[in-house]
A.B. asks: 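One structure follows; several queries about it will come next.
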Amino acid sequence: MLQIYNSLTRKKEPFTPIDPKNVRMYVCGMTVYDYCHIGHARVLVVFDVVNRYLREKFGQNSVTYIRNITDIDDKIIQRATENNESIESLTERFINEMNVDADKLGITRPDQEPKATLHMQDIIDMISILIDKGYAYQASNGDVYFEVKKFEGYGKLSGRNLDEDQAGARVEVEIAKKDAADFVLWKMAKDGEPAWDSPWGPGRPGWHIECSAMATKCLGNHFDIHGGGMDLKFPHHENEIAQSEASTGECFANVWMHNGHVMVDEEKMSKSLGNFFTVREVLKQYQPEVVRYFILTSHYRSPLNYTKNNLDNAKSALDRFYTALRDLHDTSAEHDYNYKESFNAALDDDFNTAEALAVLFEITRELNSLKANNNLEKAAHLGEVLRELGGMLGLLQDDAEQFLKGSGSGSDGLNDDAINQLIENRITAKKEKNWGEADRIREELSAQGIVLEDGAGGTSWRRG
RNA sequence: GGCUGGGUGGCAGAGUGGUGAUGCAGCGGCCUGCAAAGCCGUCAACAGCGGUUCGAUUCCGCUCCUAGCCUCCA
């Protein structure tokens, strides 16, 4: 039985889909004005695993996964102006770049990736309903606001009490608002800003409303899971709940999932702090699965420290798996599924990927034992199991030999031919029992990051 | 100030009211020309102080430290 920690109730709950034939999940995606950083990679990977596992549990075609794209907001306008580039060109460019990164990381594409600019009518419709129902008002400056006090359940997600919040503690309060907590639904366009027609005048949607409109449009008023980064819990998700439930009169999402942040030097990695590493930057040094593994080593709700040491550890761990998977022959026989049970039990427990990985290591140990005892048939079977379970996490899908011989995307230093030549020379030296020369060659390669392994079947190598 | 979370062995990181996480690193052994890889064995931890309990790292309280949110943010 799958259990998921629900941010709304602050406890783990058994997950029961509204419709097991169509489990519906919405995740807040990217605002597209820059490259994705490792924090974004974490959301992508975490919910990719959730998506994969839900399909494993409920059926490959019984899940609808929506991840939106915010392609209009203040930051985008600002960046486009700075670049002297049109908003369309900017956002299209970074949507493409996002997909490049996501594909490299082995992220399964969501079923739909709705964009705010293509859902203006849905957004306007929802705002109209909110005004009609008395939850929203147009202020003297023309902006339309959601009146927070009218929505009874406000604060239920983030656990905050409006009276205790220090409104305006860190940001100036817009004076046109009735209450400091009210938030904008429709923002009037200033000169030169992009604008869409609306009953309240030309303008653009506030940030929160697009997700409410697109989620209900794509998944219905009431769906199963809503996810996103921890930083979106308040105000973004709190506001989404208010808007959606006020307008539809129905429960919005049953389960709220929030992933923890990626940290750098004890601080959250974020664009505004400027302490971020882009996905492509990291992928120059580490293979995609290394990044994925790194993300999955800690529980999705915990903070994750971005350090060289942790990435290197991830690489070592994958080397261990792929070393075990190397030189296994193909097999089509029935698999041994003893491990699958404990692997699934780990993921059933609020997607405990760290524990699931521990199961993969158990398999690896047994697999290595079998290889050592020359029980190659059974070893091959276990190899299949290892790959299959790893695949649920999007891991162990590379060719073992290629993974071990590859470094980041650009492997500088010696090319394969040069390495093989040196290995040949060393084999000759070894035949002559010229150990000094053999060791010298091994040292030379080692200095280039190449590790040699003399086995029964000859010498193999990998990039360490 | 308010609201969420954390503090586990050298490092990373799960978990549990009373035996084992796991990976890397270390130590001993097997294997090897020597290594590497692998296998076997081994060391080692639960921030502090109280309380509940036959028993607490695990439950409760307090203290200290720390992260996130209360502004755009994944």
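These numbers come from the heavy atoms of this one structure, side chains and all, not from hydrogens, waters or symmetry mates.
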A.B. asks: If you compare every side-chain N and O of A:Asn352 against the phosphate oxygens of B:G15 (OP1, OP2), does one of them come in below 4.0 Å?
C.D. replies: yes
A.B. asks: What is the nucleic acid contact for A:Gly29, judged by heavy atoms within less than 4.0 Å: base, sugar-phosphate only, or nothing?
C.D. replies: sugar-phosphate
A.B. asks: What is the distance from CE of A:Met269 to C1' of B:C72, rounded to the nearest Å?
C.D. replies: 18 Å
A.B. asks: What is the separation between atom CD on A:Glu238 and atom C1' on B:C72, rounded to the nearest whole Å?
C.D. replies: 18 Å
A.B. asks: Please report the distance, rounded to the nearest Å, between CG in A:Leu232 and C1' in B:U4.
C.D. replies: 15 Å
A.B. asks: What is the distance from CD of A:Glu401 to P of B:A37, rounded to the nearest Å?
C.D. replies: 16 Å
A.B. asks: Reckon A:Val262 touches a base, only the sugar-phosphate, or nothing at all at heavy-atom distances under 4.0 Å?
C.D. replies: base
A.B. asks: Which nucleotide, B:U66, B:A74, B:G33, lies nearest any side-chain atom of A:Asp439?
C.D. replies: B:G33
A.B. asks: Heavy atoms from C-beta onward define the side chain here; which of B:G33, B:A74, B:G68 lies closest to that of A:Arg426?
C.D. replies: B:G33
A.B. asks: What pairs with A:Glu281 under side-chain hydrogen bond (donor to acceptor under 3.5 Å, both in side chains), at least two apart in sequence or on another chain?
C.D. replies: A:Thr278
A.B. asks: Is the phosphate of B:A74, meaning OP1 or OP2, less than 4.0 Å from a side-chain N or O of A:Asn259?
C.D. replies: no
A.B. asks: Using the salt bridge (Lys or Arg N to Asp or Glu O under 4.0 Å) criterion, which residues pair with A:Arg462? Sequence neighbours excluded.
C.D. replies: A:Asp319, A:Glu453
A.B. asks: Please tell me if A:Lys268 has a side-chain N or O lying less than 4.0 Å from either OP1 or OP2 of B:C69.
C.D. replies: yes
A.B. asks: A:Lys431 pairs by side chain to side chain contact (heavy atoms under 4.5 Å, CB included) with which of A:Thr428, A:Ile427, A:Asn434?
C.D. replies: A:Ile427
A.B. asks: If you measure from the P atom in B:U52 to the same atom in B:A12, how many Å do you get, rounded?
C.D. replies: 35 Å
A.B. asks: Using the P atoms only, state how far B:C62 lies from B:C69, rounded to an integer number of Å.
C.D. replies: 25 Å
A.B. asks: Should the pair A:Arg204-A:Asp73 be classified as a salt bridge under the 4.0 Å nitrogen-to-oxygen rule?
C.D. replies: no
A.B. asks: Between B:C40, B:A36, B:A74, which one does the side chain of A:Val451 approach most closely?
C.D. replies: B:A36
A.B. asks: Could you tell me how far B:G41 sits from B:A56 if I compare only their C1' atoms? Round to whole Å.
C.D. replies: 30 Å
A.B. asks: In terms of the nearest nucleotide of RNA chain B, which residue is placed more toward the 5' end: A:Leu452 or A:Leu304?
C.D. replies: A:Leu304
A.B. asks: By side-chain contact (heavy atoms from CB on, under 4.5 Å), which residues pair with A:Arg320, not counting sequence neighbours?
C.D. replies: A:Phe361, A:Thr364, A:Arg365, A:Asn368
A.B. asks: Where along residues 271-279 of chain A does a heavy atom come under 4.0 Å from RNA chain B, residue by residue in number order?
C.D. replies: A:Lys271, A:Ser272
A.B. asks: Hey, is the side chain of A:Lys233 pairing donor to acceptor with the base of B:C69 inside 3.5 Å?
C.D. replies: no
A.B. asks: Could you give the distance separating B:G7 and B:A14 at their C1' atoms, to the nearest angstrom?
C.D. replies: 15 Å
A.B. asks: Identify, with sequence neighbours excluded, every residue that meets salt bridge (Lys or Arg N to Asp or Glu O under 4.0 Å) alongside A:Lys187.
C.D. replies: A:Asp74
A.B. asks: Quick check: does any side chain N or O of A:Arg301 sit under 3.5 Å from a backbone N or O of A:Met230, one acting as donor and the other as acceptor?
C.D. replies: no
A.B. asks: Taking the side chain of A:Phe234 as heavy atoms from C-beta outward, which of B:A74, B:G38, B:C69 is closest to it?
C.D. replies: B:C69
A.B. asks: Of all residues at least two apart in sequence or in a different chain, which pass the side-chain contact (heavy atoms from CB on, under 4.5 Å) check with A:Asn375?
C.D. replies: A:Leu370, A:Lys378
A.B. asks: Under the rule for side-chain hydrogen bond (donor to acceptor under 3.5 Å, both in side chains), what residues qualify as partners of A:Gln421, not counting sequence neighbours?
C.D. replies: A:Asn425
A.B. asks: Between B:U16 and B:C59, how many Å separate the two P atoms, rounded to a whole number?
C.D. replies: 9 Å
A.B. asks: Nearest to the A:Ser302 side chain among B:G68, B:A14, B:A74, which nucleotide is it?
C.D. replies: B:A14
A.B. asks: Taking the side chain of A:Arg10 as its heavy atoms from C-beta onward, which of B:A67, B:G5, B:C40 lies nearest to it?
C.D. replies: B:G5
A.B. asks: Give me the distance, rounded to whole Å, that separates B:C54 from B:C31 when you measure between the C1' atoms they each carry.
C.D. replies: 50 Å
A.B. asks: Can a donor-acceptor pair under 3.5 Å be found between the side-chain atoms of A:Arg442 and the base atoms of B:A35?
C.D. replies: yes
A.B. asks: Please determine, for the side chain of A:Asn305, which listed nucleotide (B:G13, B:G15, B:G33) has the closest atom?
C.D. replies: B:G13
A.B. asks: Does a nitrogen or oxygen in the side chain of A:Ser7 sit under 4.0 Å from OP1 or OP2 of B:G5?
C.D. replies: no
A.B. asks: Quick check for you: among B:A74, B:C34, B:A12, whose closest atom lies nearest to any side-chain atom of A:Asn310?
C.D. replies: B:A12
A.B. asks: Please report the distance separating the P of B:G18 from the corresponding atom of B:U58, rounded so that it comes out in whole Å.
C.D. replies: 11 Å
A.B. asks: Does A:Val255 offer a backbone N or O that forms a donor-acceptor pair with the side chain of A:His226 under 3.5 Å?
C.D. replies: no
A.B. asks: Please enumerate all residues that pass side-chain contact (heavy atoms from CB on, under 4.5 Å) together with A:Ala372, with sequence neighbours excluded.
C.D. replies: none
A.B. asks: Mark yes or no for a side-chain to base donor-acceptor pair under 3.5 Å between A:Asp454 and B:C34, with no hydrogen or angle criteria applied.
C.D. replies: yes
A.B. asks: Rounded to the nearest Å, what distance is computed from the CG atom of residue A:Asp265 to the P atom of nucleotide B:A67?
C.D. replies: 12 Å
A.B. asks: For RNA chain B, report each stem as range with range, ordered by first number, or say none. Use Watson-Crick or G-U wobble pairs under 3.5 Å, at least 3 in a row.
C.D. replies: B:1-7 with B:64-70, B:10-12 with B:22-24, B:26-30 with B:38-42, B:47-51 with B:59-63
A.B. asks: Within a radius of less than 6.0 Å around CD of A:Glu341, do more than 12 heavy atoms belonging to other residues, nucleotides or ligands occur?
C.D. replies: no
A.B. asks: How does each nucleotide of nucleotides 21-31 of chain B score, in 5' to 3' order, for protein heavy atoms under 4.0 Å: base (B), sugar-phosphate only (S), or none (-)?
C.D. replies: BSBS-------
A.B. asks: For A:Glu424, what residues pass the salt bridge (Lys or Arg N to Asp or Glu O under 4.0 Å) criterion, not counting sequence neighbours?
C.D. replies: none
A.B. asks: Using whole Å, what does the distance between atom P of nucleotide B:A74 and atom NE2 of A:His261 come to?
C.D. replies: 9 Å
A.B. asks: Side chain to side chain contact (heavy atoms under 4.5 Å, CB included) between A:Trp186 and A:Trp196: does it pass, once the steps are laid out?
C.D. replies: CA-CA 10 Å; A:Trp186 190 260; A:Trp196 287 260; 4.1 Å; yes
A.B. asks: Between B:C34, B:G13, B:G15, which nucleotide has the shortest distance from any of its atoms to the side chain of A:Ser298?
C.D. replies: B:G13
A.B. asks: From B:U4, B:A67, B:A36, pick the nucleotide closest to the side chain of A:Arg462?
C.D. replies: B:A36
A.B. asks: For A:Asp34, what residues pass the salt bridge (Lys or Arg N to Asp or Glu O under 4.0 Å) criterion, not counting sequence neighbours?
C.D. replies: A:Arg79
A.B. asks: Tell me: CZ of A:Arg160 to P of B:C3, nearest whole Å?
C.D. replies: 10 Å
A.B. asks: Round to a whole Å and report the spacing from NE2 of A:His237 to P of B:C3.
C.D. replies: 22 Å
A.B. asks: If the C1' atom of B:G15 is compared with that of B:A45, how far apart are they to the nearest Å?
C.D. replies: 13 Å
